[in-house]
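As the structure lists them, so they are numbered: ligands from 1, and atoms in each ligand from 1. Just so you know, these numbers use all the heavy atoms, side chains as well, and skip hydrogens, waters and symmetry mates. Along the sequence shown, residues are numbered consecutively beginning with 1.
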Amino acid sequence: MTLAIWLDGSLREADSARVSVLDHGLTVGDGVFETVKAVDGQAFALTRHLHRLAGSARGLGLPEPDLDEVRRACAAVLEAGPVPLGRLRITYTGGVSPLGSDRGTAGPTLVVALVETERRPDTTAVITVPWTRNERGALAGLKTTSYGENVVALARARERGASEALFANTLGRLCEGTGSNVFVVLDGELHTPPLASGCLAGITRQLVLDWVGAKETDLPFDVLERAEEIFLTSTTRDVQALHRLDERPLPGAPGPVTARAMRIFAERAADDLDP
Ligand code: PLP
């Protein structure tokens with residue numbers, strides 16, 4: 001349930017907040033977004049999310065977002081709808097623009113919405129998909145609202161009883177999931193694809209690199225067939241182990257390396273809200 005919404009300068013009732021049907025974010029996906037974890041009314045790693053939002057906006061050629069305003073908006077919705085665990089969705093788009101024209105001059109649209117969420121299970125099932133991430137595309141590494149490809153891949157995962165789908169890039173290298181980064185254990189060592197694979201610079205990924213330690217390694221996609229352990233990282237999953245990949249069970253998940261990463265991440269994240 002959506003608990004509170006900030007739209008263009010003020011708090012609104014969730015069912016009366018309206019964005020124009022001519023918003024460029026809606027008509028052509030000209031927008032960027034962030035999903036931020038909210039714990040006991042506080043945003044986790046907000047500074048990192050705001051920097052990434054600004055970077056994505058720059059990459060898309062949107063006007064620089066006013067990060068103080070975004071921070072105020074987050075604080076306002078958190079205050080309006082305190083929940084033990086939630087998700088702030090920050091959306092920033094090109095704004096209203098006549099159909100068929102380029103981005104309008106009316107100024108960008110900013111929406112911050114708070115939804116309540118539940119803790120994800122420690123393990124999950126994941127599939128691989130035949131579609132590729134374009135590591136050389138204009139949108140590589142940007143968190144834009146053009147998420148159609150992820151929506152299709154996630155629907156395929158759900159049809160197969162899984163919660164996430166993993167992509168290779170156009171070079172056949174391991175890349176990421178629809179909304180998560182991926183880590184694999186090979187010969188007891190932890191690896192994750194480098195940003196050059198085209199994956200998003202996940203905030204959870206970076207915290208695991210900093211706190212737990214892992215090698216950034218360019219890996220063939222079929223490394224998934226022989227990895228001893230595999231886990232996902234994301235704002236909504238934290239560190240989540242795979243117990244099945246396609247038809248391959250991964251018994252005993254979370255394995256020792258993953259369990260350690262989970263423990264360290266949980267401890268450090270509880271210690272520091274804005275690492
Ligand atoms: N990759 C993609 C495509 C994503 O959309 C996300 C998060 O939404 C991630 C990775 C994980 O990033 P983060 O840890 O910042 O949530």
Which protein N or O atoms sit under 3.5 Å from any N or O of ligand 1? Give each pair with its distance.
from, atom 1, to, atom 2, distance (Å)
ligand 1, 1 (N), E176, OE1, 2.7
ligand 1, 5 (O), K143, NZ, 3.1
ligand 1, 5 (O), Y147, OH, 2.4
ligand 1, 8 (O), K143, NZ, 2.5
ligand 1, 14 (O), I203, N, 3.3
ligand 1, 14 (O), T204, N, 3.0
ligand 1, 14 (O), T204, OG1, 2.6
ligand 1, 15 (O), R52, NH1, 2.8
ligand 1, 15 (O), R52, NH2, 3.0
ligand 1, 15 (O), I203, N, 2.8
ligand 1, 16 (O), T235, N, 2.9
ligand 1, 16 (O), T235, OG1, 2.6

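Ring-plane geometry between F44 and F265 is classed as perpendicular, the angle between the planes exceeding 60 degrees on a 0 to 90 degree scale with a lower cut at 30.
Side chain of E229 to backbone of T258: a donor-acceptor contact under 3.5 angstrom is found.
Residues F33 and Y147 bring their aromatic ring centres within 6.0 Å.
Partners of Y92 by ring pair (Phe, Tyr, Trp, His ring centres under 6.0 Å), not counting sequence neighbours: none found. Annotation: side-chain contact (heavy atoms from CB on, under 4.5 Å) contacts of R156 (sequence neighbours excluded): I127, V129, W131, E159, R160.
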Sequence neighbours excluded and cut-off under 3.5 Å, please list the side-chain donor-acceptor pairs for residues 199-207, or say none.
from, atom 1, to, atom 2, distance (Å)
T204, OG1, S234, O, 3.4
T204, OG1, T235, N, 3.3
R205, NH2, P193, O, 2.9
R205, NH2, E216, OE1, 2.7
Q206, NE2, D210, OD1, 2.9

